[in-house]
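Before any comments, here is the structure.
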Amino acid sequence: MPELPEVEVLVRHLRPLVVGTKVRAVEVRKAKVLQPTKLTALRRTLEGATFQSLERRGKYLLFTLRSARGRQLVQLVGHLGMTGRMFVAPAKSQLPKHTAVLLDLGRQRFVYEDQRYFGRFTLDLRSVAKLGPEPLGPEFSADYLQRELKRSRQSIKVKLLDQTLVAGVGNIYASEALFLSRISPKLSANKLNRAQITRLVAAIRKVLAEAISFGSTIQLNHGGADARDGLFYFGRAEGTPDYYEERLRVYDRAGEPCRRCRTPIRRIVQAARGTFFCPKCQTA
DNA sequence: CACCATGTTCCTTG
DNA sequence: CCAAGGAACATGGT
């Protein structure tokens, strides 16, 4: 469930559940997700430590803990990859098949589960340090984007996936933002004019903010055994079907009519990922 | 069997 | 050295 909005909703959900709790023990079932951190280092750092805060940066979760008796603060980085989930559940509850890391919090336990194990649960901050500005923050402006795009010949769609350009936009919301700003995904980054760049900044902010508010509205069952079929797709409450169906404008809608002009939505492949767009509304 | 999937990193090519 | 493209990672759904 992992682009910026999904991570933001998860962070808001988890924050009150973990802050103030103490880690009694750490169990790792898939050491790959720790890398390059060693199991012994993770244990030494986390056992006895108390969660102090939880923030989001791009698609990453940043946990800050206070060490056992010192007043030393340590940071823990989480990433959900393509299929990761994190939740807090009763200590004896059933665990998902692909559980990677477990934190014993006493009556409750924190679970990081990831079907494909593409995610991370690590003390290594290097990936976070490389991230570009937050798209919902003040640094992400038309001036900034214009400066960054002018040297790149990559298609704008592929460029938006570059986390050093802007942190948190993924394959779904890149297509969505380009549709909203009526820019062809194939347009070379350095060919966007100022008006397009201004529209794109606004569209990125809008699709992300809209998705956060959608995810905050519906009831999500983060820890449930529900079928996991995509972004916000599990455990949603009954009675929100309309908004749910209308939520995405182009992503995964190949062949279906554009919501603006009824032209069939097209799917193309860019950098080995699917891109969805309206060939009539999104002109080069 | 073939192809597809919300992400990131590494390797190769130019 | 840099930019860009593609494969790899691992598992499951259609």
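Letters A, B, ... are given to chains in the order of the sequence lines, protein chains preceding strands, and every chain is numbered from 1. None of these values were measured; they are calculated from a predicted model.
- Sequence order on DNA chain B of the closest nucleotides to A:Ser127 and A:Ala272 puts A:Ala272 first from the 5' end.
- With B:dG7, C:dG12, C:dC9 as the choices, the nucleotide that has an atom nearest any side-chain atom of A:Lys32 turns out to be C:dC9.
- What separates CE of A:Met82 from C1' of C:dT11 is a distance of 11 Å, to the nearest Å.
- For C:dA3, the base has no donor-acceptor partner in the side chain of A:Arg153 [N/O atoms by modelled type, under 3.5 angstrom].
- Phosphate proximity of B:dG7 to A:Arg273: present, with a side-chain N or O under 4.0 Å from OP1 or OP2.
- A:Phe63 and A:Phe110 have perpendicular rings, their planes meeting at more than 60° on a 0 to 90° scale where under 30° would count as parallel.
- For A:Tyr117 and B:dT8, the OH to P distance is 20 Å, given to the nearest whole Å.
- Nucleotide B:dT6 holds its P atom 12 Å from the OH atom of A:Tyr173, rounded to whole Å.
- C:dA10 has no base stacking with the ring of A:Phe118 when judged by centroids under 5.5 angstrom apart and an interplanar angle below 30°.
- Applying the side chain to side chain contact (heavy atoms under 4.5 Å, CB included) test between A:Leu102 and each of A:Val28, A:Leu95, A:Val26 identifies A:Leu95 as the sole match.
- Counting any heavy atom pair closer than 4.0 Å across all strands shown, A:Lys97 reaches sugar-phosphate atoms only and no base atom.
- Regarding A:Arg126, its CZ atom lies at a distance of 16 Å from the P atom of B:dT8, rounded to whole Å.
- Listed nucleotides: B:dC4, C:dG12, C:dA10. Nearest to the side chain of A:Arg267: B:dC4.
- Under 4.0 angstrom from either OP1 or OP2 of C:dT11 there lies no side-chain N or O belonging to A:Thr83.
- Remark: A:Arg57 engages A:Glu134 in a salt bridge, criterion side-chain N to carboxylate O under 4.0 Å.
- Comparing B:dG7, C:dG12, C:dA4 by their closest approach to the side chain of A:Gln115 singles out C:dG12.
- For A:Arg116 and A:Lys159, each mapped to the nucleotide of DNA chain C holding its nearest heavy atom, the one lying further toward the 5' end belongs to A:Lys159.
- Distance A:His79 NE2 to B:dT6 P: 14 Å, rounded to the nearest Å.
- Cation-pi geometry between A:Lys30 and A:Tyr117 is met: the NZ or CZ atom falls under 6.0 Å from the ring centre, inside 45° of the normal.
- In this structure, CG of A:Leu248 is placed 12 Å from P of B:dT6, rounded to the nearest angstrom.
- Closest to the A:Lys30 side chain, of the nucleotides C:dT11, C:dG12, B:dT6, is C:dT11.
- An OP1 or OP2 oxygen of B:dT8 is reached within less than 4.0 angstrom by a side-chain nitrogen or oxygen of A:Gln163.
- The interatomic distance linking A:Arg85 (CZ) with C:dT11 (C1') rounds to 15 Å, in whole Å.
- We find that NE2 of A:His98 is positioned 15 Å from C1' of C:dC9, with the value rounded to whole Å.
- Proximity of A:Lys59 to the phosphate of B:dG7: a side-chain N or O atom is located under 4.0 Å from OP1 or OP2.
- Residue A:Arg43 comes nearest to A:Glu27 through the heavy atom pair NH2-CA, 4.2 Å, listed as atom of the first residue, atom of the second, then distance.
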Check your understanding: Stepwise, does the salt bridge (Lys or Arg N to Asp or Glu O under 4.0 Å) test hold for A:Glu148 with A:Lys159?
Key -> CA-CA 10 Å; A:Glu148 295 296 315; A:Lys159 194 68 188 167; over 6 Å; no

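- In a base pair of the Watson-Crick type (N1 to N3 plus N6-O4 or O6-N4) or a G-U wobble (N1-O2 and O6-N3), with each distance short of 3.5 Å, C:dA3 is matched with B:dT13.
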